[in-house]
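First the structure, in the form of structure tokens, and then the observations on it.
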2 protein chains.
Amino acid sequence: MSSENIDTRTRILKSSLELLEASQGRGVRMTDIAKRAGITRQALYLHFATRAELLIATTHYLDQIKGSDARLEPSRTAQSGIARLDAYIEAWSEYIPEIYPIGKALMAMKDTDAAADKAWDDRMQAMREGCAAAILALERDGNLSPDHSAEDAIDILWTMLSVRNWEQFTLECGWSREKYGKTLKSLARRVFVAG
Amino acid sequence: MSSENIDTRTRILKSSLELLEASQGRGVRMTDIAKRAGITRQALYLHFATRAELLIATTHYLDQIKGSDARLEPSRTAQSGIARLDAYIEAWSEYIPEIYPIGKALMAMKDTDAAADKAWDDRMQAMREGCAAAILALERDGNLSPDHSAEDAIDILWTMLSVRNWEQFTLECGWSREKYGKTLKSLARRVFVAG
DNA sequence: TTTCAACTTGACACCGTGTCAATTGACATG
DNA sequence: CATGTCAATTGACACGGTGTCAAGTTGAAA
């Protein structure tokens, strides 16, 4: 096994991520992660104080190995507000499936664990920045529909692009990634672009 | 106390509902419900086999006392597809805040309890019928935007009106009930009505 | 050869759900 | 009055999952 001399902490994060991905974030216990990392459950606590902390560390690990969060950036280079909106939705639709499993696990703890709640909220707040940037660019171009204030438009885009919505479209309605991306882009144009 | 000779089952349901409403569906335990109903936790199980079953019964109790579900009907009498869409969104925006607390509790069990999962899914499937009726009426009028097939439009409306979205708009974005209703109606027109 | 850190073993606490057996108290019926 | 029934009580326990603790092992570095 190539993974034998990897440092333990990393092996834990890798195991955590693999299990979460395999189960779409549902039903992954500390025991399972420990087993897969080749250590005891108790040893997990030598590296992470709580399950929430481990889950949060797993998101950072994911970002680090996939550079996922960086991929949300390129939309900033787009010229027009419309292009920026499109680019952002495209990037986001690639990104969601990757964080979904770990996001799901974190969301499941929202109600009982303040740390998990905050960690996920922070992520969603960061994603809101991207929505705001797109809407503001649209406004600057004079292309924002007069139906909504910029603030409202941001709320709407942010909600349209929520992970819960992605979950419903893909998992419940059976939409493909392509259909999701294509439809949300068209929806966003229709809702936010004037005329 | 006027509630003393009410039949126990009803007293339990009443307590369950009150506690769920008071806490917005979060952290209500069997013990709490029993205490409020004036019986022991164990006695709860003489009336309901599981927590999920009690929660589900609570939704029926809520429908019964508030006649909430019936209020989703009047949109059927509306003339045009557009009026129907409006009426449905209006009724729904009145309805959501009422079922939200118990819905929240049910949703929290989705991942671990199959019965709760199914019960909530059934509700959402019923609500989808309303969405379908509105979209189909719009299509019959020749007013459905050519951007979407009827099926896609139903998926989209259904997701737009999801409880999770309502939660985000009102709880996270701080929208009032009126703003929610008004904005969703305007959004729906813009997205679904041709021209 | 000692020392230290990482890890193991095994036990235990806490919470919330669900279960069970034995008991109590009220009420109805013969 | 005795008997039975029914709803509820008391007290105990199981289970699953998280988190904790004390004592022991192992391997590598100093």
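Protein chains get the first letters and strands the later ones, always in sequence-line order, with residue 1 at the start of each.
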ask   = What residues form a side-chain contact (heavy atoms from CB on, under 4.5 Å) with Ile65(B), not counting sequence neighbours?
value = Leu17(B), Tyr61(B)
Bending between helix ends of the helix from dT1(C)-dA30(D) to dG30(C)-dC1(D) [5 pairs per end, 10° resolution] = 20°
Return all side-chain donor-acceptor pairs below 3.5 angstrom for residues 39-46 of chain A, not counting sequence neighbours, or 'none' if the list is empty.
from, atom 1, to, atom 2, distance (Å)
Thr40(A), OG1, Ala43(A), N, 3.4

query = Who pairs with Thr50(A) by side-chain contact (heavy atoms from CB on, under 4.5 Å), at least two apart in sequence or on another chain?
reply = Ala52(A), Glu53(A)
inquiry  = Quick one about Ser145(A) and Arg190(B) (side-chain donor to acceptor, distance below 3.5 Å, no hydrogens or angles considered), yes or no?
reply    = yes
ask   = Does Tyr100(A) have any ring-ring contact (aromatic ring centres under 6.0 Å, His included) partners at least two apart in sequence or in another chain, and if so, which?
value = Trp166(A)
key: Partner residues of Arg177(B) under the salt bridge (Lys or Arg N to Asp or Glu O under 4.0 Å) criterion, sequence neighbours left out   = Glu90(B), Glu94(B)
task = Using the test side-chain contact (heavy atoms from CB on, under 4.5 Å), find all partners of Ala78(A) that sit at least two apart in sequence or belong to another chain.
result = Ala83(A), Arg84(A)
task = Could you pick out which residue, Thr8(B) or Gln42(B), lies toward the 5' side of DNA chain D when each is mapped onto its nearest nucleotide?
result = Thr8(B)
All N/O pairs under 3.5 Å across the protein-nucleotides 16-18 of chain D interface:
from, atom 1, to, atom 2, distance (Å)
dG17(D), OP2, Arg29(A), NH1, 2.8
dT18(D), OP2, Met30(A), N, 3.4

ask   = If you look at every strand shown and take non-hydrogen atoms under 4.0 Å, does Leu46(A) touch a base, only sugar-phosphate, or nothing?
value = base
task = Could you list the residues that satisfy side-chain contact (heavy atoms from CB on, under 4.5 Å) with Met107(A), not counting sequence neighbours?
result = Trp120(A), Val163(A), Arg164(A)
task = Please list, in 5' to 3' order, the outermost nucleotides of DNA chain C lying under 4.0 Å from any heavy atom of chain A.
result = dC7(C) to dA11(C)
inquiry  = Suppose we screen for salt bridge (Lys or Arg N to Asp or Glu O under 4.0 Å). Which residues come up paired with Glu98(B), at least two apart in sequence or across chains?
reply    = Arg71(B)
remark   = Residue set satisfying salt bridge (Lys or Arg N to Asp or Glu O under 4.0 Å) with Lys110(B), at least two apart, ordered chain then number -> Asp117(B), Asp121(B)
